[in-house]
Amino acid sequence: MNVHDHEGVQAFLDDLGLSLDPARFTPRYNLAPSDPVHALFAGEGLEIAEMRWGLTPRNPKQRNLLINARAETAWRLPSFRESMRRRRAVVPVNGFYEWRREGDERLPFYITGRQPVLALAGLFDVDAQGEMRCCVLTTAANAEMQCIHDRMPVCLPHDRVREWLSDGDPAALGKLIAGARDQALHLTRVSKFVNSSRNDGPECMLPVAA
DNA sequence: CCAGACGTTGTT
DNA sequence: GTCTGG
DNA sequence: CCAGACGTTGTT
DNA sequence: GTCTGG
């Protein structure tokens with residue numbers, strides 16, 4: 001994920017009556033699983049909190065962080081079911097990365113929306129240490145994304161964020177998820193600099209020739 | 001009905 | 001608690 | 001997600 | 001191949 005632009009994020013939050021203290025904001029150009037990220041959720045009203053990316057599996061035998069959840073199956077899977085019902089989240093990002101596999105190569109693309117912030121639909125949970133953790137819902141890739149990958153994050157229209165976080169009706173939520181594929185996305189080929197999560201700087205999102 | 005298990009995604 | 005298998 | 005590592009005992 | 005770290 002890429003969350004580098006505080007001004008853009010704050011403009012998005014303004015419409016929701018939320019604010020994010022610039023002092024608590026670190027620009028991230030290459031935010032990796034297990035890293036802290038700010039996410040919205042319905043607490044006592046709409047709230048924003050720092051969560052770590054990836055739900056911790058409740059079964060200790062399973063150690064993989066759950067960084068994504070398929071929107072099609074999250075309703076019934078034990079790991080996500082309760083969060084789908086009662087712990088939905090939104091992760092505001094400036095963009096995200098997807099890799100096109102070409103043989104042994106991973107060719108990264110930076111993906112943005114029409115506006116400076118993409119509102120990614122997600123879930124959260126509280127782990128055994130009391131820390132909030134979140135994951136991102138995925139859906140079938142739309143036409144733009146299909147050339148690099150068959151899945152993409154669920155991107156909510158900004159005017160549906162409140163509804164996603166507050167409405168409990170699965171049918172209504174299903175429509176929000178379905179609408180994600182209509183969000184216009186813009187793909188930029190970037191250098192493999194971003195492939196190492198040790199690299200976290202503006203170079204991650206710089207265009208390179210295809 | 002009871003017993004027993006109880007992991008997801010993406011990629012190949 | 002809840003789902004699956006028998 | 002991708003990159004990169006991937007070893008044990010005993011002794012100091 | 002598989003696990004860990006970021």
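Note that the structure is a prediction, hence the values are computed from the model and not measured.
Comparing B:dT9 with D:dC2, their C1' atoms are spaced 15 Å from each other, to the whole Å. One C1' atom belongs to B:dG4, the other to D:dG10, and the distance between them is 46 Å to the nearest Å. D:dA5 and B:dA5 have their C1' atoms separated by 34 Å, given to the nearest Å. Atom name C1', nucleotides B:dG7 and E:dG6: the rounded distance is 23 Å, in whole Å. As rounded to the nearest Å, B:dT8 and C:dC3 have P atoms that lie 13 Å from one another.
Among the heavy atoms of the strands, none lies under 4.0 Å from A:R58. No engagement by A:D200 is indicated, since no non-hydrogen atom pair under 4.0 Å with the nucleic acid exists. Backbone-only contact: A:L77 has heavy atoms under 4.0 Å from sugar-phosphate atoms and none from a base. Using a 4.0 Å heavy-atom distance criterion, A:Y97 is classed as making no nucleic acid contact.
Between A:F12 and A:H158, the angle of the ring planes goes over 60°, which puts this pair in the perpendicular group of the 30/60° scheme.
Counting to the nearest Å, the P atom of B:dT8 and the CG atom of A:L65 are 14 Å from each other. Per the geometry, CZ belonging to A:R151 stands 12 Å off C1' belonging to B:dT8, to the nearest Å. In this structure, A:D125 places its CG atom 14 Å from C1' of B:dT8, rounding to the nearest Å. Rounded to whole Å, the distance from CD1 on A:I111 to P on D:dC1 is 14 Å. Rounded to an integer number of Å, the gap from OH of A:Y110 to C1' of D:dC2 is 18 Å. In this structure, A:D104 places its CG atom 11 Å from P of E:dG1, rounding to the nearest Å. The separation between A:M152 atom CE and B:dG10 atom C1' is 16 Å, rounded to whole Å. Look at CG on A:L55: it is 15 Å from P on D:dC1, rounded to the nearest Å.
Looking only at side-chain heavy atoms (C-beta outward), A:P157 and A:Q183 come within less than 4.5 Å of each other. Between A:L20 and A:V9 the shortest side-chain heavy-atom distance falls below 4.5 Å.
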Exercise. Between A:S34 and A:R52, is a side chain to side chain donor-acceptor pair (under 3.5 Å) present by the stated rule, with each step listed?
Worked result: CA-CA 5 Å; A:S34 86; A:R52 301 211 316 137; 4.9 Å; no

Problem set entry | Stepwise side chain to side chain contact (heavy atoms under 4.5 Å, CB included) test for A:N2 and A:R28 | CA-CA 6 Å; A:N2 178 312; A:R28 296 298 309 272; over 6 Å; no

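Interatomic distance, A:M1 CE to A:I67 CD1, rounded to the nearest 0.5 Å: 8.5 Å. Taking CD from A:E72 and OG1 from A:T139, the interatomic distance works out to 5.0 Å, rounded to the nearest 0.5 Å.
Cation-pi check for A:R106 over A:W99 is not met; the charged atom does not lie both under 6.0 angstrom from the ring centroid and within 45 degrees of its normal.
A close approach under 4.0 Å does not occur between any side-chain nitrogen or oxygen of A:N64 and OP1 or OP2 of B:dT8. Listed pair A:R198 / D:dC2 fails the phosphate criterion, with no side-chain N or O lying under 4.0 Å from OP1 or OP2. A sub-4.0 Å separation between OP1 or OP2 of B:dT9 and a side-chain N or O of A:R70 is absent. Contact check, A:T73 against B:dT9: a side-chain N or O comes under 4.0 Å of OP1 or OP2.
Considering only the side chain of A:A69, B:dT9 comes nearest among D:dA3, B:dT9, D:dC1. Here D:dC2 is the nucleotide among D:dA3, B:dT9, D:dC2 with the atom lying nearest to any side-chain atom of A:R101.
A:E203 and A:N199 share no donor-acceptor pair across their side chains, judged by distance under 3.5 Å alone.
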Just the table, please: protein N/O against nucleotides 3-6 of chain C N/O, every pair under 3.5 Å.
unit_1: C:dC3; atom_1: OP1; unit_2: A:R81; atom_2: NH1; d: 2.1

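As the counterpart of D:dA5, E:dT2 is assigned, both hydrogen-bonding distances of the Watson-Crick or G-U wobble pattern falling under 3.5 Å.
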